[in-house]
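When a residue number appears, it is its place in the shown sequence, counting from 1. Remember, predicted model here, so these are calculated numbers, not experimental data. Reckoned from all heavy atoms, side chains included, excluding hydrogens, waters and symmetry mates.
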Amino acid sequence: MKLTILGGGGFRVPLVYGALLQDHAEGRVTRVVLHDLDAGRLSAVTRVLAEQADGVPDAPEVTATTDLDEALRGADFVFSAIRVGGLQGRADDERVALAEGVLGQETVGAGGIAYGLRTVPVAVDIARRVARLAPDAWVINFTNPAGLVTEAMSRHLGDRVIGICDSPVGLGRRIARVLGANPKEAWIDYVGLNHLGWVRGLRVAGRDELPRLLADPDLLGSFEEGKLFGVDWLRSLGAIPNEYLHYYYFNREAVRAYQQAEKTRGAFLHDQQARFYAEMSNPDAPALKVWDQTRAEREATYMAENRETAGAGERDEDDLSGGYEKVALALMRAIARDERTTLILNVRNQRTLSVLDTDAVIEVPCLVDANGAHPVTVDPLPGHATGLVCAVKAVEREVLAAADSGSRTTAVKAFALHPLVDSVNVARRLVEGYTDVHPGLAYLR
């Protein structure tokens, strides 16, 4: 079975390959094709993968190419993990937004909109190529903003593109762990958009255990989200929000923390990974060891500004192991082998949330089998969450419209309508600032 990874020179690709190396069942991936625009990054990652595979019998064959059509042709699965504009683009997204006093995070607020406007045209081109060169392939989208990009691709691939994120899985795992439950035996009642969802219940053996957590201040304050949001706010909500909702609920504090930080997250990652890829230019460098040390630092500093603002302290050791590669592999196995499972995924709404149309991509538990991912029926969101979901989905639709038409006016509208952008004039200046620094936005007229 052939797996193509777009963005194959990306830093997190060894996580995916490491998970593949642990799969020895029939019908597993036997060939991995890495595609990237940067041959140097491909070479570095290929070295890491070679060291991972050393001594592993029947390790999947790895090849690398800068030819997109060659990479896609005949693929059974396509993992899309591209970053249009690179980490310099992310750093610029943050810098331009913070100069206007608004959030520049890569998936939330102004930064997410700018990243989406750069990425959607490229993702649409990929979707069209997949439809032509590998019409039977399943596309698993890692590319952020995951919900927005998945919806853009779904207009050309239908339900054969599925978006994934490790945030809901990690959240459910932490809740189950603090309740003393096995995460594999828990049903997580989670719904929303990517990076904008809430856990409303966690059922073990048919019983909802979340009320027990909400009723116990010590238990509630003992894990990541309790520390991040505060016990009182979680009890007011009656739910546990995705960590990215900290940017909405504590926006001023988050913006201030980012403005005061020595470096933004994008600038930190840009410099960190530049050192990694530079070190990989030395043929004698221990590739896997260097990569693993860099990865550990990256994971430990995740959302550091938010945790500092909330006084949440360092991340727990159990939260440093990532997880998106495990979601991707579980999804791929369920489809390829008809190993039925339940996963929280980004899929078209169908009739799941009545406040959104059928084609809107949402993040929700899905039953997965050989025919793909099928969203389960969920209870309606409360009013405050419904309002936020509808507002952000409306912004996503304006981003898609701007990317399709090239309309600068529509791009301004997308920024201005976002709940975290508080002025039409700021929205206009953001579009000016982003088009000045991003060649990928030259299409906006």
Side-chain angles (χ1 to χ4, degrees), residues 2-22 29 31-56 59-68 70-72 78-94 106 115 118-119 122 126 142-144 166 262-302 304 320-326 328-329 440:
K2 175 182 175 180
L3 167 64
T4 294
I5 302 179
L6 307 181
F11 183 78
R12 295 204 291 179
V13 168
L15 294 172
V16 175
Y17 192 66
L20 290 173
L21 290 174
Q22 299 175 32
V29 171
R31 182 183 176 203
V32 176
V33 178
L34 306 180
H35 171 269
D36 204 286
L37 301 178
D38 188 325
R41 289 168 64 94
L42 279 175
S43 176
V45 170
T46 301
R47 283 181 57 198
V48 176
L49 269 52
E51 291 192 15
Q52 285 181 301
D54 186 33
V56 179
E61 172 195 0
V62 176
T63 57
T65 180
T66 56
D67 185 323
L68 179 56
E70 176 188 335
L72 292 175
V78 177
F79 286 2
S80 179
I82 63 173
R83 181 174 289 280
V84 180
L87 283 169
Q88 183 60 55
R90 176 174 178 176
D92 289 338
D93 288 344
E94 295 165 336
E106 70 166 336
Y115 189 24
R118 286 202 311 280
T119 304
V122 179
I126 290 170
F142 298 44
T143 301
N144 278 325
D166 56 354
E262 181 180 349
K263 287 182 179 180
T264 64
R265 179 66 172 170
F268 167 80
L269 291 175
H270 174 272
D271 294 347
Q272 184 205 48
Q273 292 190 24
R275 291 192 298 271
F276 165 75
Y277 287 106
E279 191 162 356
M280 284 300 95
S281 65
N282 176 4
D284 297 323
L288 182 56
K289 180 180 178 181
V290 173
W291 173 82
D292 199 47
Q293 291 172 339
T294 307
R295 180 200 61 79
E297 181 187 26
R298 173 193 174 113
E299 295 295 338
T301 55
Y302 176 71
L320 300 181
S321 58
Y324 88 120
E325 72 282 358
K326 297 175 184 175
L329 268 293

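- In this structure, W291 contributes its side chain and F11 its backbone to a donor-acceptor pair below 3.5 Å.
- For R295 and D292, the salt-bridge test passes: some basic side-chain N is under 4.0 Å from an acidic carboxylate O.
- When all heavy atoms of T66 and H35 are compared, the pair lying nearest together is O-NE2, 3.3 Å.
- Between atom CG of residue L34 and atom CG of residue L3 there is a gap of 8.5 Å, rounded to the nearest 0.5 Å.
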With side chain to side chain contact (heavy atoms under 4.5 Å, CB included) as the test, would you mind laying out the steps for E297 and Q293 before giving the verdict?
CA-CA 7 Å; E297 181 187 26; Q293 291 172 339; over 6 Å; no
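- Going from atom CG of L37 over to atom CG of D67 covers 11.0 Å, rounded to the nearest 0.5 Å.
- Rounding to the nearest 0.5 Å gives a distance of 9.5 Å between CD of E94 and CZ of R265.
- The CG atom of L49 lies 7.5 Å from the CG atom of L21; values are rounded to the nearest 0.5 Å.
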Using the side chain to side chain contact (heavy atoms under 4.5 Å, CB included) rule, take T46 and T63 through it: C-alpha gap first, then chi angles, then the decisive distance, then the call.
CA-CA 8 Å; T46 301; T63 57; over 6 Å; no
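- Put simply, CD on E325 and CG on D166 are 8.0 Å apart, with the number rounded to the nearest 0.5 Å.
- Under a cutoff of 6.0 Å and an axis angle of 45°, R12 and Y324 form a cation-pi pair.
- Considering Q272, E299, E279, R275 in turn, Q272 is the only one that fulfils the side chain to side chain contact (heavy atoms under 4.5 Å, CB included) rule with T294.
- Residue P60 comes nearest to V29 through the heavy atom pair CG-O, 3.5 Å, listed as atom of the first residue, atom of the second, then distance.
- Here the closest heavy-atom approach between residue K263 and residue D271 is recorded as NZ-OD2, 2.5 Å.
- Judged purely by atom type and a 3.5 angstrom limit, T4 uses its side chain to pair as donor or acceptor with the backbone of A71.
- With L6 as the partner, the side chain to side chain contact (heavy atoms under 4.5 Å, CB included) test is satisfied by one option alone out of L72, V122, V33, T143: L72.
- Closest heavy-atom contact between G10 and Y277: C-OH, 3.5 Å.
- With sequence neighbours left out, the salt bridge (Lys or Arg N to Asp or Glu O under 4.0 Å) criterion links R118 to D93.
- Heavy-atom minimum distance, D36 versus G9: OD2-N, 2.9 Å.
- Between the CZ atom of F268 and the CD atom of Q273 there is a distance of 9.5 Å, given to the nearest 0.5 Å.
- Among all heavy-atom pairs drawn from A287 and F276, the shortest one is O-CE1, 4.5 Å.
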One pair to check against side chain to side chain contact (heavy atoms under 4.5 Å, CB included): Y17 and I5. What are the steps and the verdict?
CA-CA 10 Å; Y17 192 66; I5 302 179; over 6 Å; no
